[in-house]
**Student:** 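What follows is a structure written as structure tokens; I'll ask about it next.
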Amino acid sequence: MIPVFQPAARPIKAVVNLGALAHNLARARQLAAPAKVYAVVKANAYGHGLSRMFPALAGADGLALLELEAAIYLRALGWRKPILLLEGFFDGRELEAFAEHGFATVVHHEAQIEALAATQIRRSLDVFVKINTGMNRLGFAEDRVANAVSRLRGLACVRTLTLMTHMASADLPDGLHEPMARLRRVAGQFDLPVSIANSAGVFRYGEVGGDIVRPGIMLYGASPFGMPDGLPARLGLLPVMSLQSRIIATQQLESGDRVGYGGAYRAEQGGRIGVVACGYADGYPRHAPGGTPVVVNGRRTRIVGRVSMDMITVDLSGLPDVSEGAAVELWGESIPVDEVAAAAGTIGYELLCGVTQRVPFEVAGLNP
Ligand SMILES: *Cc1c(COP(=O)(O)O)cnc(C)c1O
């Protein structure tokens, strides 16, 4: 990829590490051996940039996403291995593109079987039949699967069948019991490969199993469990994205001074704060409360006051040596994105996907 010239103006940037992604992918493969690994790259590779991360995905057996345009783009980039469209096609007219590019499709609904029965495509497709094991979003109910499978088996445009499910609570201690029981009842009726595990399922592969796993968030070094549990680090996963900026101003506060919109923070004892070039218009969560961790010059401190559109304010009371230009990490290697997310009442997924257009990206670790 030829780097586009970016005048170094506002200091914020998202640095993404290709080596870390390749490493996490290899780790997923180890955890889920001997399953095939389809790396989930939906939502522009969870906000990291699909073409940017592409070189680090070479070790995957397949890629999975749900945006047709992005899938076609992956073929243009030269990806020859399987590409699975996780929600299948939304309209039968898309099937020409599926056939042309050799995409595998999820089939989760009767209407999709009708469309396959009616299509004129010449090339047959690999089909993943989705089973509803209790999530109640997409998939055939347990007692409808046999009918779907037998109808699909009768269609000339279906080349192979795989059973698939997505579990609602693979992150809960007893969240696997019921869906796995349902899945086993269904899968036991056929001699077909199955695909079960997302990241949470990969972490529990011993209980879940399956022939193809579909890790997403773990590849980006964050936790599927929606809490700052330190699990990614314990499993040897590396954060891929680091959101960085700089201190652009400092303020000395007298006791009782307030900071930011609404005077949300009051410095009872006075102190010193730094202003960071990063706000919610960059994708930093506006709901992050005072106390949310941030790293300045390699040392941990906390944000104070309200997150505004273009700036946040951080406590520099214990950091007398910090001045304008000091390096800031909002999340990344020093602060797991999960920790910032939890403070803001959300999950790492949302923060990673939510870095906005105006933040320039920089690629590190080019030789994974
Ligand atoms: C997003 C998605 C995944 C990956 O989930 P993670 O929690 O990010 O690992 C797997 N399977 C399906 C069907 C998905 O939509």
Side-chain angles (χ1 to χ4, degrees), residues 12-16 20 24 40-49 65-67 86 135 137 166-172 175 198-203 215-235 237-245 260-262 264-265 276-295 300-314 328-359 361:
I12 191 166
K13 61 183 176 181
V15 180
V16 289
N24 296 341
V40 179
V41 295
K42 63 191 177 188
N44 199 23
Y46 287 53
H48 292 65
L65 72 179
L66 47 84
E67 305 87 352
L86 289 167
M135 173 85 96
R137 292 190 319 192
H166 191 58
M167 286 186 292
S169 313
D171 51 336
L172 301 181
N198 56 5
S199 296
V202 168
F203 291 175
I217 195 71
M218 70 175 290
L219 302 180
Y220 308 95
S223 174
F225 296 131
M227 55 176 111
D229 52 11
L231 190 61
R234 285 205 302 285
L235 287 171
L237 301 173
L238 304 172
V240 174
M241 182 196 293
S242 161
L243 185 64
Q244 303 174 5
S245 190
Y261 286 116
Y265 172 69
V276 182
C278 174
Y280 63 77
D282 301 298
Y284 194 84
R286 204 188 78 91
H287 297 292
T292 302
V294 56
V295 162
R300 230 173 141 93
T301 177
R302 60 188 181 116
I303 72 171
V304 294
R306 236 176 244 174
V307 173
S308 50
M309 191 168 184
D310 312 309
M311 286 174 264
I312 57 175
T313 37
V314 300
V328 175
E329 185 187 83
L330 287 318
W331 64 67
E333 285 170 23
S334 309
I335 301 178
V337 67
D338 300 313
E339 209 177 310
V340 179
T346 181
I347 52 177
Y349 298 74
E350 188 181 21
L351 299 193
L352 295 174
C353 291
V355 173
T356 63
Q357 282 280 315
R358 80 172 183 185
V359 176
F361 274 71

**Student:** Is the shortest heavy-atom distance from the side chain of Arg306 to the side chain of Arg286 under 4.5 Å?
**Tutor:**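 Yes. Closest side-chain heavy atoms under 4.5 Å.
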**Student:** Under the side chain to side chain contact (heavy atoms under 4.5 Å, CB included) test against Asp282, which residue among Val359, Leu243, Asp310 passes?
**Tutor:**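 One option only clears the test, and that one is Val359.
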**Student:** Can you confirm whether Val40 sits close enough to Tyr46 that some side-chain heavy atom of one is under 4.5 Å from a side-chain heavy atom of the other?
**Tutor:**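 The answer is yes; the side chains approach within 4.5 Å.
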**Student:** Minimum heavy-atom separation for Pro293 to Tyr284, with atom names?
**Tutor:**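 In this case the closest contact between Pro293 and Tyr284 is O-OH, 4.4 Å.
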**Student:** Do Val340 and Ile335 have side-chain heavy atoms sitting under 4.5 Å apart?
**Tutor:**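 A side-chain contact exists here, since the closest heavy-atom pair is under 4.5 Å.
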**Student:** How many angstroms lie between atom CG of Leu351 and atom CH2 of Trp331, to the nearest 0.5 angstrom?
**Tutor:**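 Separation between the atoms: 4.5 Å.
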**Student:** Measuring from Glu329:CD to Cys278:SG, what's the distance to the nearest 0.5 Å?
**Tutor:**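 Between Glu329 CD and Cys278 SG, I get 11.5 Å after rounding to 0.5 Å.
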**Student:** Taking the side chain as C-beta and beyond, is there a heavy-atom pair between Glu67 and Lys42 under 4.5 Å?
**Tutor:**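 Yes, at least one pair of side-chain atoms sits under 4.5 Å.
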**Student:** Is there a side-chain contact between Asn24 and Leu238 in this structure, where contact means two heavy atoms from C-beta onward sitting under 4.5 Å apart?
**Tutor:**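 Yes; the side chains approach each other to less than 4.5 Å.
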**Student:** Please tell me if the side chains of His287 and Thr346 come closer than 4.5 Å, counting only heavy atoms from C-beta onward.
**Tutor:**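 No - every pair of side-chain heavy atoms lies 4.5 Å or more apart.
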**Student:** Is the side chain of Ser199 donor-acceptor paired with the backbone N or O of Gly216 at a distance under 3.5 Å, no angle test?
**Tutor:**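 Present.
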**Student:** Rounded to the nearest 0.5 Å, how far does CD1 of Ile217 lie from SG of Cys353?
**Tutor:**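 Atom-to-atom, Cys353:SG and Ile217:CD1 are 7.0 Å apart.
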**Student:** Do other residues, nucleotides or ligands put more than 12 heavy atoms under 6.0 Å from the CD atom of Glu350?
**Tutor:**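 At most 12 heavy atoms, drawn from other residues, nucleotides or ligands, come within 6.0 Å of this atom.
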**Student:** Are Asp338 and Ser223 close enough that a side-chain donor and a side-chain acceptor fall under 3.5 Å?
**Tutor:**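 No, Ser223 and Asp338 have no side-chain donor paired with an acceptor closer than 3.5 Å.
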**Student:** Test Ile312 against every option in Ile303, Val304, Val328 by the side chain to side chain contact (heavy atoms under 4.5 Å, CB included) rule and name the one that passes.
**Tutor:**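 So, applying the side chain to side chain contact (heavy atoms under 4.5 Å, CB included) to Ile312 and each of Ile303, Val304, Val328, only Ile303 qualifies.
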**Student:** Side chains of Met241 and Val355: does their closest heavy-atom pair fall under 4.5 Å?
**Tutor:**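 Yes, close enough: below the 4.5 Å cut-off.
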**Student:** Compare every heavy atom of Ala341 with every heavy atom of Gly348, then report the nearest pair and how far apart it is.
**Tutor:**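 Distance-wise, the nearest heavy atoms are N-CB, 3.4 Å.
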**Student:** How long is the straight-line distance from NZ of Lys13 back to OG of Ser242, given to the nearest 0.5 Å?
**Tutor:**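 With rounding to 0.5 Å, OG (Ser242) is 8.5 Å from NZ (Lys13).
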**Student:** Roughly how far apart are Leu231 CG and Phe203 CZ, rounded to 0.5 Å?
**Tutor:**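 One gets 5.0 Å once the value is rounded to the nearest 0.5 Å.
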**Student:** Heavy atoms only: give me the nearest Ala222-Leu352 pair and the separation to one decimal.
**Tutor:**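 Closest approach of Ala222 to Leu352, heavy atoms only: CB-CD1, 4.3 Å.
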**Student:** Looking at every non-hydrogen atom in both residues, tell me the closest pair between Gly221 and Val240 and how far apart they are.
**Tutor:**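 Heavy-atom minimum between the residues: N-CG2, 4.5 Å.
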